[in-house]
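If you read the sequence from its start, that first residue is 1, and numbering goes on from there. What you see below is based on every heavy atom in this structure, not just the backbone, and it leaves out hydrogens, waters and symmetry mates.
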Amino acid sequence: MIAADPDDVIAVARSWLGTPYHDQASLRGVGCDCLGLARGIWREVVGPEPFPIPPYSRDWGKAGPREVLAEGARRMMPEIAPSEAGPGALLLFRMAPRAIAKHVGIVTGPDSFIHSYERLGVIEEPLTPVWRRRIAFAFLFPRSNSI
């Protein structure tokens with residue numbers, strides 16, 4: 001699997017800036033949550049989504065010990081060490097100690113990322129030490145015809 005051009009991933013991610021936060025949505029300019037942002041970037045950079053995403057609740061990450069989000073990403077994206085995540089990489093964050101990873105963002109520079117956050121929508125902000133401590137997994141978007 002060949003990784004997508006990071007510049008393409010970042011350009012598409014930035015085209016989602018300002019999209020309002022909306023649970024389970026994935027429509028640029030209309031609404032999305034963090035997973036919806038990643039799904040939208042996937043559709044524009046890679047192509048159609050390879051499988052349907054089942055409905056999920058706000059508290060889905062508190063319900064079990066399985067890394068559901070990471071397992072899903074492994075099915076379709078090359079995993080890299082979080083320390084190797086550069087621009088264009090997809091990051092999965094643990095929002096609480098010992099919780100499963102349930103938030104995603106896209107690296108846009110050495111110290112910045114884009115994500116969709118409740119009440120803020122899609123924003124680009126500094127990848128601060130607080131956010132860096134939460135990174136649990138990292139993946140690369142594949143090039144469209146390499147999967």
Side-chain angles (χ1 to χ4, degrees), residues 1-56 58 60-61 66-97 99-147:
M1 201 179 299
I2 301 169
D5 183 332
D7 292 337
D8 292 344
V9 174
I10 293 167
V12 170
R14 285 184 171 143
S15 75
W16 284 69
L17 289 171
T19 298
Y21 183 89
H22 194 287
D23 277 334
Q24 300 190 38
S26 183
L27 292 173
R28 181 174 26 160
V30 177
C32 70
D33 58 13
C34 64
L35 181 57
L37 172 63
R39 292 173 53 211
I41 294 168
W42 175 281
R43 290 191 304 268
E44 293 185 48
V45 172
V46 182
E49 296 176 67
F51 53 86
I53 304 296
Y56 50 93
R58 284 177 175 236
W60 67 268
R66 284 186 46 224
E67 292 285 356
V68 178
L69 197 53
E71 291 171 9
R74 282 188 191 107
R75 291 174 56 188
M76 52 193 202
M77 305 174 83
E79 186 171 8
I80 58 174
S83 61
E84 297 174 7
L90 178 78
L91 301 175
L92 276 57
F93 300 92
R94 292 188 201 288
M95 300 306 283
I100 66 170
K102 62 177 284 188
H103 186 66
V104 305
I106 293 85
V107 180
T108 55
D111 298 310
S112 60
F113 75 117
I114 289 176
H115 63 137
S116 182
Y117 209 60
E118 193 170 355
R119 292 186 294 273
L120 300 175
V122 179
I123 58 171
E124 184 169 8
E125 68 174 318
L127 191 53
T128 62
V130 171
W131 278 109
R132 286 184 187 282
R133 281 194 298 272
R134 295 176 176 168
I135 298 171
F137 303 96
F139 298 89
L140 298 173
F141 286 89
R143 187 177 297 170
S144 64
N145 54 5
S146 71
I147 53 174

Does Trp16 reach the main-chain N or O of Val122 with its side chain, forming a donor-acceptor pair under 3.5 Å?
->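 Not a single qualifying donor-acceptor pair exists.
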Can you tell me if Arg94 uses its side chain to pair, donor with acceptor, with the backbone of Ala136 under 3.5 Å?
->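 Absent.
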Enter the distance from [X]:[atom1] to [Y]:[atom2] here, rounded to the nearest 0.5 Å.
X      : Y      : atom1 : atom2 : answer
His103 : Phe93  : NE2   : CZ    : 6.0 Å
Leu140 : Ile2   : CG    : CD1   : 12.5 Å
Cys34  : Leu91  : SG    : CG    : 11.5 Å
Arg143 : Asp8   : CZ    : CG    : 9.0 Å
Arg28  : Ile41  : CZ    : CD1   : 10.0 Å
Arg14  : Ile114 : CZ    : CD1   : 5.5 Å

Considering all heavy atoms, the nearest [X]-[Y] contact:
X      : Y      : result
Leu92  : Ala101 : CB-CB, 4.0 Å
His115 : Gly105 : CB-CA, 4.0 Å
Ala38  : Leu90  : CB-CD1, 3.9 Å
Gly36  : Ser26  : O-OG, 2.7 Å
Ser112 : Glu124 : OG-OE2, 3.9 Å
Leu35  : Leu69  : CD1-CD1, 3.9 Å

Apply the test side chain to side chain contact (heavy atoms under 4.5 Å, CB included) to residues Arg133 and Val130: give CA-CA distance (whole Å), side-chain angles for both, the deciding distance (0.1 Å), then the verdict.
-> CA-CA 5 Å; Arg133 281 194 298 272; Val130 171; 3.4 Å; yes
Can we say Glu44 and Arg39 salt-bridge, meaning some charged N sits less than 4.0 Å from an Asp/Glu carboxylate O?
->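 Looking at Arg39 together with Glu44, the answer is no, because their closest N to O distance does not fall below 4.0 Å.
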Would you call Arg132 and Asp111 a salt bridge, using N to O less than 4.0 angstrom?
->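 Salt bridge between Arg132 and Asp111, a charged N being under 4.0 Å from a carboxylate O: yes.
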Do the non-hydrogen side-chain atoms of [X] and [Y] ever get within less than 4.5 Å of each other?
X     : Y      : answer
Leu37 : Val104 : no
Asp33 : Tyr21  : yes
Trp42 : Pro142 : yes

Side-chain donor-acceptor pairs of residues 76-88 under 3.5 Å, sequence neighbours excluded:
{"residue": "Glu79", "atom": "OE1", "partner": "Arg74", "partner atom": "NE", "Å": "2.7"}
{"residue": "Glu79", "atom": "OE2", "partner": "Arg74", "partner atom": "NH2", "Å": "3.4"}

Cation over ring, Arg75 on Phe51, under 6.0 Å and within 45°?
->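 Positive - Arg75 is close enough to the ring of Phe51 and near enough to its axis.
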